[in-house]
2 protein chains.
Amino acid sequence: MRKTIAKTKILELITRSNTNLSHADIKNLLPDGLCDRVTIYRVLDRLLQEGLIHKVVNIDGVVNYASCKNCEVEHSHNHMHFSCEKCKSVTCLDDINPSFKLPKGYAVKEINFVLSGVCPSCS
Amino acid sequence: MRKTIAKTKILELITRSNTNLSHADIKNLLPDGLCDRVTIYRVLDRLLQEGLIHKVVNIDGVVNYASCKNCEVEHSHNHMHFSCEKCKSVTCLDDINPSFKLPKGYAVKEINFVLSGVCPSCS
DNA sequence: TTATTTTAGCAACATTGTTGCAATAATAAA
DNA sequence: TTTATTATTGCAACAATGTTGCTAAAATAA
């Protein structure tokens with residue numbers, strides 16, 4: 001996979017942001033005309049494939065992207081996410097790993113935990 | 001809120017189904033021409049408002065609707081959901097309530113827990 | 001039965017995401 | 001450095017999904 005301007009800039013955005021970013025966020029944050037919106041979709045797919053970012057589906061169905069911080073060790077995204085209805089931010093609560101016990105027979109491949117409400121900064 | 005054919009049929013579908021249903025599922029399951037797709041959206045909104053159903057956002061962003069079984073007591077939808085990538089079913093795991101501890105300052109209003117993988121019937 | 005108000009249907013529109021194809025840019029090879 | 005190879009981009013077109021406004025129809029209250 002090749003290193004391109006779009007890819008570099010998008011990864012930079014996601015990495016530097018302390019909240020998770022949606023496709024729309026990224027489109028707005030990128031310098032106007034840097035790349036087409038289709039390119040953003042494709043770059044995000046590549047970054048996911050390469051394991052540089054992970055995605056969270058928000059409570060409203062919008063996909064948000066976050067950099068993989070603790071994934072150097074292993075790719076587990078079983079941490080909680082919080083979506084604030086006031087400031088609209090979506091954040092990874094990296095240290096909150098809900099515990100649960102499944103009946104036998106379930107093979108889990110993906111996890112998506114989201115809470116919605118008001119975040120500490122907004123309350 | 002009024003009782004209409006569409007509302008009755010849609011609630012019936014959701015209640016009788018042992019998997020959660022998306023808007024598309026409902027559209028397909030309803031007798032052809034029973035109502036417009038816009039009506040389905042509006043009926044679902046009303047059923048949600050009345051607390052007769054709850055919704056789960058699947059790992060692919062698709063909203064699925066489920067009847068409220070244990071909600072006569074209190075409306076808490078903190079149970080797990082499972083999305084099978086083979087049979088495409090989304091189900092409520094009513095008895096699985098993940099436990100987690102949030103830092104102070106978070107006010108939780110909605111919960112969306114989804115696991116994806118292969119369900120017991122498909123493995 | 002009539003009056004009132006919600007609900008349905010339809011058309012139009014907005015948003016979001018996908019695909020095919022030719023042009024372009026990044027990398028490998030010479 | 002130059003050329004060849006192949007991934008990536010932009011654009012247009014399309015599909016799917018969800019929303020809104022308006023009028024007609026249906027459900028409930030009077």
Side-chain angles (χ1 to χ4, degrees), chain A residues 1-14 19-66 83 85 88 90 110 112 114 116, chain B residues 1-14 19-66 83 85 88 90 110 112 114 116:
Chain A
M1 287 193 184
R2 296 178 181 178
K3 189 178 177 179
T4 64
I5 300 167
K7 192 180 165 187
T8 307
K9 290 284 180 192
I10 291 171
L11 181 57
E12 233 175 71
L13 268 183
I14 296 173
T19 65
N20 302 351
L21 302 177
S22 67
H23 175 271
D25 293 333
I26 293 168
K27 190 168 166 298
N28 292 332
L29 288 169
L30 283 179
D32 215 52
L34 183 118
C35 72
D36 195 76
R37 67 191 185 91
V38 178
T39 299
I40 301 178
Y41 284 114
R42 300 201 257 225
V43 166
L44 289 170
D45 282 344
R46 271 182 278 150
L47 291 173
L48 281 172
Q49 273 185 48
E50 294 182 85
L52 296 172
I53 62 175
H54 68 278
K55 67 174 177 179
V56 198
V57 178
N58 198 358
I59 211 134
D60 58 3
V62 174
V63 179
N64 285 70
Y65 300 88
S83 171
E85 61 188 25
K88 307 293 176 195
V90 181
E110 281 185 78
N112 198 79
V114 184
S116 170
Chain B
M1 287 194 184
R2 297 179 179 177
K3 189 179 178 179
T4 64
I5 300 168
K7 192 179 164 188
T8 308
K9 291 283 179 191
I10 290 171
L11 182 56
E12 233 174 70
L13 267 184
I14 296 173
T19 64
N20 302 351
L21 302 176
S22 66
H23 175 271
D25 293 333
I26 293 168
K27 190 167 166 296
N28 292 332
L29 289 169
L30 282 178
D32 216 51
L34 184 118
C35 72
D36 195 75
R37 68 191 185 91
V38 178
T39 299
I40 301 178
Y41 284 114
R42 299 201 257 226
V43 166
L44 288 170
D45 282 344
R46 272 182 277 149
L47 291 173
L48 281 172
Q49 271 185 49
E50 294 182 84
L52 297 172
I53 61 175
H54 68 279
K55 67 175 177 177
V56 197
V57 179
N58 198 358
I59 210 134
D60 58 2
V62 174
V63 179
N64 286 72
Y65 300 88
S83 171
E85 61 189 25
K88 307 294 176 194
V90 181
E110 281 186 78
N112 198 77
V114 183
S116 169

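Computed from a prediction, not measured in an experiment: that's the story for all the values here. The sequence lines fix the lettering, A, B, ..., with proteins before strands; numbering per chain opens at 1.
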Against the side chain of A/Tyr41, the closest entry in C/dA26, C/dT16, D/dA27 is C/dT16
Original post:
Does the side chain of B/Leu48 reach to within under 4.5 Å of the side chain of B/Ile53, using non-hydrogen atoms?
Top reply: yes
| Can you check whether A/Ile40 reaches A/Leu30 side chain to side chain, under 4.5 Å on heavy atoms? | yes
Base, sugar-phosphate or nothing for A/Arg37? Non-hydrogen atoms, less than 4.0 Å.
base
Considering only heavy side-chain atoms of A/Thr39, the closest of D/dA27, C/dA8, D/dG10 is D/dG10
Within the 4.5 Å heavy-atom criterion, are A/Asn58 and B/Val57 side-chain neighbours or not? no
Closest to the side chain of B/Arg46, out of C/dT7, C/dC10, C/dG20, is C/dT7
Separation of D/dT9 atom P from A/Lys27 atom NZ, nearest Å, is 17 Å
Here the distance between atom P of C/dT6 and atom CZ of B/Arg2, to the nearest Å, is 6 Å
Rounded to whole Å, NZ of B/Lys7 lies from P of D/dA25 at a distance of 23 Å
Within the structure shown, what part of the strands sits under 4.0 Å from A/Ala24 by heavy-atom distance: base, sugar-phosphate, or nothing? nothing
Residue pair B/Thr4/B/Val63 against DNA chain D: nearer the 5' end by closest nucleotide is B/Val63
A/Asp60 atom CG is separated from C/dT15 atom P, nearest whole Å, by 15 Å
To the nearest angstrom, the CG-P distance between A/Asn58 and C/dT15 comes to 19 Å
Residues of residues 28-36 of chain A with a heavy atom under 4.0 Å from any atom of DNA chain C, listed by number, are none
When rounded to whole Å, the CD1 to C1' distance for the pair B/Ile40 and C/dG9 reads 12 Å
B/Leu48 atom CG is separated from D/dG18 atom C1', nearest whole Å, by 14 Å
So, do A/Ile14 and A/Leu44 sit near enough that their side-chain heavy atoms are less than 4.5 Å apart? yes
>> A quick test of your reading: do over 12 heavy atoms of other residues, nucleotides or ligands sit less than 6.0 Å from NZ of B/Lys7?
In response: yes
Check this for me: does the side-chain of B/Arg42 come within 3.5 Å of the base of D/dG18 through a donor and an acceptor? no
Notebook entry, point to check: Under 4.5 Å between any side-chain heavy atoms of B/Asp25 and B/Asn64, yes or no?
Noted result: yes
note: A/Asn64, atom CG; C/dT16, atom C1'; distance rounded to Å ~ 14 Å
By nearest-nucleotide position on DNA chain C, the 5'-leaning member of B/Ile5 and B/Val38 is B/Ile5
Q: Report yes if the side chains of A/Ile10 and A/Thr8 come closer than 4.5 Å at any heavy-atom pair, otherwise no.
A: no
